[in-house]
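Basis for what follows: all heavy atoms, side chains included, without hydrogens, waters or symmetry-related copies.
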Amino acid sequence: MTSQSTPNDPTQNPRKPLEGIRILELGPYVALPLTGRILASLGAEVIKVETNKVLDEMAFIPAWSRGGGQPEFQRAKKRITIDVRTPDGLEVFKELVKVSDVFMTNFRRNILDRWGIDFPELRRLRPDIILMWQTGLGGIGPYYTYKSYGILVQHMGGVSLMSGEDGEPPATINTSYSDYHTGVFQPVAIMGALLRRKLTGQPATMESSIFKSGALTAGPAILDYQSTGRMPQRIGNRDPFAAPHGVYRCLGDDRWCAIAVQTDEHWAAFCRAIGSPDWCAEDAFSSLESRLSNQGRLDDLVSEWTATRTAEDAMTRLQEAGVPASLVSQGKDLYESAHLKARGFYQPTPFYLADRAKPAYEWEAGDAIASVSPPRMSETPMEFGHYSNIGEDNDYVFKELLGMSQAEVDRFTENQSLY
Amino acid sequence: MPFEAPADGVLLPPYRVLDLTGPEGVFCGKLLADYGADVIKVEPTTGDPSRQRPPFANDQPGPELSAYFLFYNTNKRSVTLDLDSPEGQGLFKKLAASADVVIESFPVGHMKTLGLDYDTLRENNPGLVMASITPFGQTGPWKDYKSTDLISVAASGFMQITGDPDGPPLRQGNEQSHFPGAQHAATAILGALFYRDMQGGTGQYIDVSMQEAMITYYTDAHPALAWMQRGENVTRVGTNSTLVIPLGAYPSKDGWISAGIITPREWENLSQWMYEVTGNEEILNDDYKGGNQDRAPHNDIITALVIDFTTRFTSEDLFHQGQERNLVFIPVNTVADLLEDPQLEASNFWFELDHSEAGTLKYPLGVFDSEEVSPATKPAPHLGQDNDAVYGGDLGLSETELASLRSHGVI
């Protein structure tokens, strides 16, 4: 059935890193689909199981229904429709487990139990399968039945109360960033487990959670608190090792330039770049220590300089002098960026406008962009890949891969098991 | 290098990784080391600069006591090497000839000026995988621009969507830029090793731009696409969200609680509960029903009603009672809360590591919980502690040669 690590066949060159590895993905939102997209970009055959009856809510979030998220997260996969809650659907799903190297899901245990998806049984069906079970809060332990969303779990990991200004509400991000930590940890674990299986013959079951991924990133503050009892201070955009350090208002609506002067060399370059005003020579700013103790006034003076120019102009002048600086990028900057264009970062892609009233194959198509997977690999470039709509690969998977007859596929489609 | 089985209970084969990175890539080496790779941190003879970074364990400054260094270098070995000297460069080439992976984050072109670029290193080791993790990548008009954590979150646009709409863009307190590029690099490195060892491929070079990696860390907001399709600027929303309504952090009786209503069914449950508790019928208004975007025009009034509700409960009560109603309320934790959290305690997240100077501390290591594999558990290395084992043992240099390298300040 599925090939594992077959020797390199010269007629098939160039092979892809994960060629011959088949991964079965069941679950919505951000982290799990991102893991699947990365593994698909590395050449795995990722089969994404969905149903038109219960759509991924992410398809309706503004940028997403307009094509933002789904082509980013579901591309390069084979997308099929199975309602695993139906007896026939569950049987077909189990046939797929038998021909897969990896099964990954982000449903909670009580949900999987209700549907009749049981990890020990999956292992009996395919003894060497790698199981990656992603949860929000945890697969075992007191919260194992708890429902959660990645965009909220960022607050649970401790980082929100390390960010922003002292005395202000927790600084939060208009995105579910902890999901992304988990989404990019999981490919490491899955590839590691596949290598280990090859070398030891042993499969593995691994559980990850968005809570744990987020909490891990609070690392140094966790050690400091244990050792000294000190809680992280919230200092906004300031930095204990740099001044001036922050964002400074520029010409235009909500336009800012970030500047980070870390060393005396940066400071000298900064002063030259802004035309060596008299205040640059003051003792109050002559060393990092003095700049840190006079930050308020320093920030005002820097703002006077930035306020009369665009963020891009401020950035360019400072960078050309060797000072770390950047405009705070808005969507337009990213979309039009000459740098990102030179690197081919965004690529055109179709999308399908999500509509609850219709099955996905009736959705309207349109044009969007999606980013390439960030690593640029010299021998095996990450594949951008085709963007399938939900159910687009049913024929390939059910008929070619599983060998089902047309009559059987028709019957299960009609009774909405494969829908 | 031979393709060897991992030790019992360890995930990754003992791949030899030479880690030359600064803050841009230090987490990449840590991730590989925590899961079983043999990661050797190659430090200047004066030590990695981050060893001097406060805060220090027990508030005692010292090169082995930086909390930052202790966290980001678990399970690595340490050697010292002066890469600016010809002898040091020669020694590095020998190390690289027997390594699986080199990771570096120097300014673009620096490795070439040292004579240690990928083309040179692979001459003696065609299977070598090398990854560069840099602020803007190896190509493009910004490739030589300087960066820091602040600059990374600005250039990627991450800051544009963090904080209050009436205030400036904000940086996160955990130095967020340490993670996206480093994690993507680790993924690509394993992909490259998989290609080499499972598909009969060669080694390869990997270019990771931190800016790009950070942009892909918030693709659910997707500002570039919002601009392309609607001419809209995705921006800061304070503790709310434009993606899901209601969603955000709200005051509770004893702190902050976050909440998010994503499905129509959740809205039914929440509005009913809010009505039971507050007696205010407004929340049952038909205009507010439906999916998360259906409530967008009413965000302000709904937020006020939600706050009237959340301030009547403690955060813990909302967290647990919400689950009984199939609703997601999540506490906003401090680092102290994390150390006491029963879920983290039960899921093999913490590992006590005993460091000879910093003492025994609980480290957050267990991103994956598994009966078959668990993280390695060595604390961060002392400066140069593995010089003899690596140069003498692995490279086979004699005592005399080692002594000469020491006296010339090469190691």
* About how many Å separate CD of E212(B) and OG of S373(A), when rounded to the nearest 0.5 Å? -> 10.5 Å

* Asked: Would you say the ring centroid of Y180(A) lies under 6.0 angstrom from that of F179(B)?
  -> no

* Asked: CD of E336(A): more than 12 outside heavy atoms within 6.0 angstrom?
  -> yes

* **SB check R230(A) D59(B) (cutoff 4.0 Å)** => yes

* Could you pull out the closest heavy-atom pair between A342(A) and P141(B), with the gap in Å? => CB-CD, 3.8 Å

* Should the pair Y346(A) and H222(B) be assigned to parallel (<30°), tilted (30 to 60°) or perpendicular (>60°) ring geometry? -> tilted

* With under 30° as parallel and over 60° as perpendicular, where do the rings of Y143(A) and H320(B) fit, or are they tilted in between? -> tilted

* How would you list, by chain and number, every residue that makes a side-chain hydrogen bond (donor to acceptor under 3.5 Å, both in side chains) with Q204(B), sequence neighbours excluded? -> T380(A)

* Structure fact -> All heavy atoms of T139(B) vs all of H339(A), minimum pair found to be O-CE1, 3.2 Å

* Contact part of V332(B) toward chain A, heavy-atom cut-off under 4.5 Å: side chain, backbone, both or neither? -> both

* Quick one: does Q343(B)'s side chain have a donor or acceptor within less than 3.5 Å of a partner on I140(A)'s backbone? -> yes

* Apply side-chain hydrogen bond (donor to acceptor under 3.5 Å, both in side chains) to K341(A) and list each qualifying residue two or more places apart in sequence or on a separate chain. => none

* Asked: When only pairs under 4.5 Å are counted, which of Y248(A), Y177(A), Y146(A), Y144(A) shares the most heavy-atom pairs with chain B?
  -> Y146(A)

* Where is the tightest heavy-atom contact between T145(A) and Q323(B), given as atom of each residue plus distance? -> O-OE1, 4.3 Å

